[in-house]
Amino acid sequence: MNYTASPLAIILFLSFVATVLGISYHFARKTKSASGYFAAGGNIHWSVNGIAFAGDYLSAASFLGICGMIAVSGYDGFLYSIGYLAGWVVALFIVAEPMKRLGKYTFTDALDSKYNSKGIQLVSAISTILVSLFYLIPQMVGAGSLVTPLLGLPHWAGVVMVGIIVIIIVATAGMTSTTYVQFFKGGMLVVFSLTLVFLLFSRGISTAPDQGGDVPYHNFITLEASLDKTGKIYIKDPSYKILSQIDADAKGKKLHFIRLEKAGLPSIWKFNETKSLLEETLYIENKKNGEALYNGAKKEEGKFFQVGHMSEIDGKANNKTNTLNTMSFIEKIKNGTVVRWNKQVVATDDGKISIFYQNPTPGKDILKPGLKFKVDSKKGATTTDKIDFISLMLALFLGTAALPHILIRYYTVPSPACARKSTIVAIAAIGLFYVLTLYMGLGSMVSGVIDLTNDNMSAPLLAKSFGVTIFAIISALAFATVLGTVSGLIVAASGAVAHDFMDRFLGRNMSDHAKVKAGKIAAVVVGAIAVVLGILFKGMNVSYLVGWAFSIAASANLPAIIMILFWKKTTAKGVMSSITVGLVSALGLILLSQETYNNVYGLVNVTAPVPINNPAIISVPLSFLTLVVVSYMTQKKKERSK
Amino acid sequence: MAHGPATEWKKDKSSSLKELLGKWMFLLYTLVYAGFIFINVFSPEFMGIDVGSLNVAIVYGFGLIVFAIFLAFAYNHVGTHAEELLCDEEEVKK
């Protein structure tokens with residue numbers, strides 16, 4: 001899709017950035033000590049910290065990734081919302097107050113509070129850095145996705161811009177500025193998401209969505225055709241010239257496409273065997289010389305249009321609803337048919353073609369699991385598919401309470417009671433937002449706003465369909481979302497380097513000033529690495545990438561946190577081994593999974609050695625088991641004889 | 001360098017009560033969450049059954065979010081009262 005920047009969007013975006021930098025400058029003068037830099041002096045009010053928690057947590061994955069996934073796969077995307085919110089239950093009931101009691105600046109402090117072990121200091125610092133980096137990747141990818149429609153700049157420019165701004169935020173005032181940036185952004189995000197959903201309900205749903213009259217609806221046509229016994233397609237309309245036929249195999253199912261030309265305009269159509277019709281497709285042709293054609297033309301020509309509509313509402317093909325509400329909006333989708341788009345990649349002599357073809361799906365199927373995650377045996381789900389799904393939900397449940405940038409926020413409030421109260425504020429704000437994601441995602445699905453090249457943009461493009469002002473605000477907020485989350489992650493990583501590794505593991509006994517300086521240098525380095533990774537991972541769904549970060553955090557950190565709090569026989573070596581095994585096993589399983597083979601290494605036709613894509617179901621129990629076994633093996637003699 | 005808490009406070013006499021309550025509430029929520037996953041995996045068709053204008057999947061999903069918020073407020077209510085009853089005013093900084 002081709003995007004053009006609007007002056008209002010640019011002005012609002014620059015205002016947000018100026019506000020964020022202003023906050024950083026204001027607090028920079030007050031942030032001289034290590035406590036101020038890494039933990040905001042422990043003086044943040046619980047209500048501010050609670051909304052800042054929401055700001056930290058409602059990252060690019062939540063706003064861009066989940067809405068995008070719901071827009072494409074329906075209810076399955078909402079499963080992420082449910083899992084992400086459920087994770088806060090673990091944080092509140094198990095982790096919040098004890099973490100506050102035990103720690104100082106980083107979660108390594110809490111893990112190591114009983115032991116003063118060099119091993120724990122080292123491995124948990126490494127774990128913090130790795131989890132932060134994995135979580136940084138989707139944020140940076142999200143930043144790149146946003147900057148294109150907002151400012152008309154390429155993906156890499158967005159990633160570099162976020163990197164520079166965040167490094168300035170973190171390097172000037174650390175956790176204090178990060179907290180207030182998060183508070184500002186978290187609150188605004190919830191308020192404007194509510195506004196967007198209200199606008200969506202006001203407009204209702206149409207079978208011919210035209211973005212409030214701004215973008216004419218593309219009326220999809222069909223052509224009569226037939227398929228002979230040899231598999232050759234014939235068309236009846238003589239005004240079309242047949243160029244070639246493309247046959248593809250989609251997981252055992254034969255798909256037939258045909259290239260046509262009319263009045264010099266090329267097009268690709270899919271043959272519908274049931275109806276003996278040719279249906280319009282959208283396609284991207286990537287040639288070996290690097291040239292890319294979108295529906296047969298260059299991207300700038302705008303031939304590759306936005307999609308997403310209902311073909312039937314209440315059983316009628318040409319229909320429009322009145323104003324809807326929280327219940328009737330869901331009901332209209334449930335009782336209708338939504339046209340989703342499947343993708344088929346076909347290799348050609350000159351490169352490859354990605355063909356997006358229509359897949360009318362009953363609303364009942366949109367609103368239950370199974371379009372992305374295979375869970376139904378009747379639809380071919382295997383035991384492995386089901387284990388993979390359970391594994392993802394386990395990672396989302398256990399990962400939240402083990403994320404370094406969430407854990408360090410417990411040190412910014414004055415007491416354990418404040419830690420608890422701020423978690424509750426966070427749960428309320430985040431819970432409300434996640435309910436809204438379902439409406440924003442489904443709204444994108446039926447409003448003709450989906451960019452098939454980048455589903456991450458669904459929510460901002462839904463906002464755009466209501467006018468450039470709300471689009472500019474939502475996009476600027478989404479950008480601030482990325483800025484805030486990245487800032488928190490970089491503070492966590494810099495704390496791990498300066499406090500856990502340099503000061504404690506290496507025993508340098510650094511002064512406050514030296515520690516802050518080391519933290520700032522670490523922030524610059526981590527920020528630079530994040531920029532590079534953000535450019536390399538362009539195009540992947542950000543929520544999916546965050547699932548990996550959750551798996552690693554749940555495997556490496558959570559078993560150690562829980563066992564230290566609730567099992568008195570836990571030893572330093574047990575903790576160290578648990579973190580190491582959790583980290584290595586989760587990372588190893590991800591790197592050898594099918595999704596990584598396909599989407600990261602680009603090995604499309606190669607079977608990966610690990611059949612599941614989400615490792616938590618193996619790596620979390622393994623990490624717990626390691627801790628128990630090693631702790632028993634390393635008990636002091638006196639205790640062992642008891 | 002010491003690595004104790006960033007701020008100082010006295011012993012919280014209500015911590016064992018809150019810990020116990022937290023464990024039970026966690027267990028309760030975990031069971032409800034596990035039930036959701038179980039139905040998704042072993043009876044996905046059940047998720048599509050109509051519940052008024054919604055279906056089981058939407059009601060259960062929203063229910064998990066609302067239940068988490070409800071438990072959080074209940075936990076805080078009990079926790080705050082326990083702190084007021086069992087701790088001196090200055091023991092737990094508000």
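Since we're looking at a predicted model, the values are computed, not measured. Every heavy atom of this structure was used, including side-chain atoms; hydrogens, water molecules and symmetry mates were not. Chain A is the first sequence line, chain B the second, and so forth, proteins listed ahead of strands; every chain is numbered from 1.
- Of the two parts of B/Ser43, neither the backbone nor the side chain holds a non-hydrogen atom closer than 4.5 Å to a non-hydrogen atom of chain A.
- Summarising the geometry of A/Tyr439 relative to B/Phe62, their closest heavy-atom pair is OH-CE1, 3.7 Å, with the distance given to 0.1 Å.
- With respect to chain A, the highest number of heavy-atom pairs below 4.5 Å among B/Phe73, B/Tyr75, B/Trp24 belongs to B/Tyr75.
- Shown here for B/Leu64 and A/Leu85, the closest heavy-atom pair between the two residues is O-CD1, 4.5 Å.
- Considering every non-hydrogen atom in both B/Ser15 and A/Arg101, the closest pair reads CB-NH2, 3.3 Å.
- Rounded to the nearest 0.5 Å, atoms NZ (B/Lys23) and CG (A/Leu565) are 9.5 Å apart.
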Kindly indicate, with the supporting measurements, whether the criterion side chain to side chain contact (heavy atoms under 4.5 Å, CB included) is fulfilled by B/Asp50 and A/Lys364. CA-CA 9 Å; B/Asp50 284 352; A/Lys364 283 181 185 295; 3.6 Å; yes
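- Between atom CD1 of residue A/Ile430 and atom CD1 of residue B/Ile69 there is a gap of 10.0 Å, rounded to the nearest 0.5 Å.
- The choice from B/Gly22, B/Ser53, B/Ala72 that makes the most heavy-atom pairs within less than 4.5 Å of chain A is B/Ser53.
- For A/Leu79, the part sitting under 4.5 Å from any heavy atom of chain B is the side chain, from C-beta outward, and nothing else.
- Residues B/Pro44 and A/Lys368 approach most closely at O-CD, 4.2 Å, considering heavy atoms.
- With a 4.5 Å cut-off on non-hydrogen atoms, A/Lys378 touches chain B through its side chain but not through its backbone.
- A distance of 7.0 Å separates CD1 in B/Ile58 from CG in A/Leu442, rounded to the nearest 0.5 Å.
- Among all heavy-atom pairs drawn from A/Leu367 and B/Asn55, the shortest one is O-ND2, 2.9 Å.
- Looking at A/Ile333, there are no atoms closer than 4.5 Å to chain B (heavy atoms on both sides), in backbone or side chain.
- With a 4.5 Å cut-off on side-chain heavy atoms, B/Thr80 and A/Arg420 count as touching.
- When the candidates B/Asn76, B/Ile37, B/Val32 are compared by the number of heavy-atom contacts under 4.5 Å with chain A, B/Asn76 comes out ahead.
- Relative ring orientation between A/Tyr75 and B/Phe36 is described as tilted, the plane-to-plane angle lying within the 30° to 60° band.
- With a 4.5 Å cut-off on non-hydrogen atoms, A/Phe566 touches chain B through its side chain but not through its backbone.
- With respect to chain B, the highest number of heavy-atom pairs below 4.5 Å among A/Glu331, A/Lys334, A/Lys374 belongs to A/Lys334.
- Closest of all the heavy-atom pairs between A/Ile82 and B/Gly61 is CD1-CA, 3.5 Å.
- Contacts with chain B were tallied for A/Leu394, A/Thr412, A/Ile94; A/Ile94 has the most, counting heavy-atom pairs under 4.5 Å.
- To the nearest 0.5 Å, the span separating NZ on A/Lys379 from CD on B/Glu45 amounts to 6.0 Å.
- Contacts with chain B were tallied for A/Phe389, A/Tyr434, A/Phe397; A/Phe397 has the most, counting heavy-atom pairs under 4.5 Å.
- In terms of heavy-atom pairs under 4.5 Å with chain A, the best-connected choice from B/Phe42, B/Phe38, B/Tyr33, B/Tyr29 is B/Tyr33.
- Ranked by heavy-atom pairs shorter than 4.5 Å toward chain A, the options B/Leu54, B/Val56, B/Leu71 are led by B/Leu54.
- Most heavy-atom pairs under 4.5 Å with chain A, from the set B/Val66, B/Leu21, B/Thr30: that is B/Thr30.
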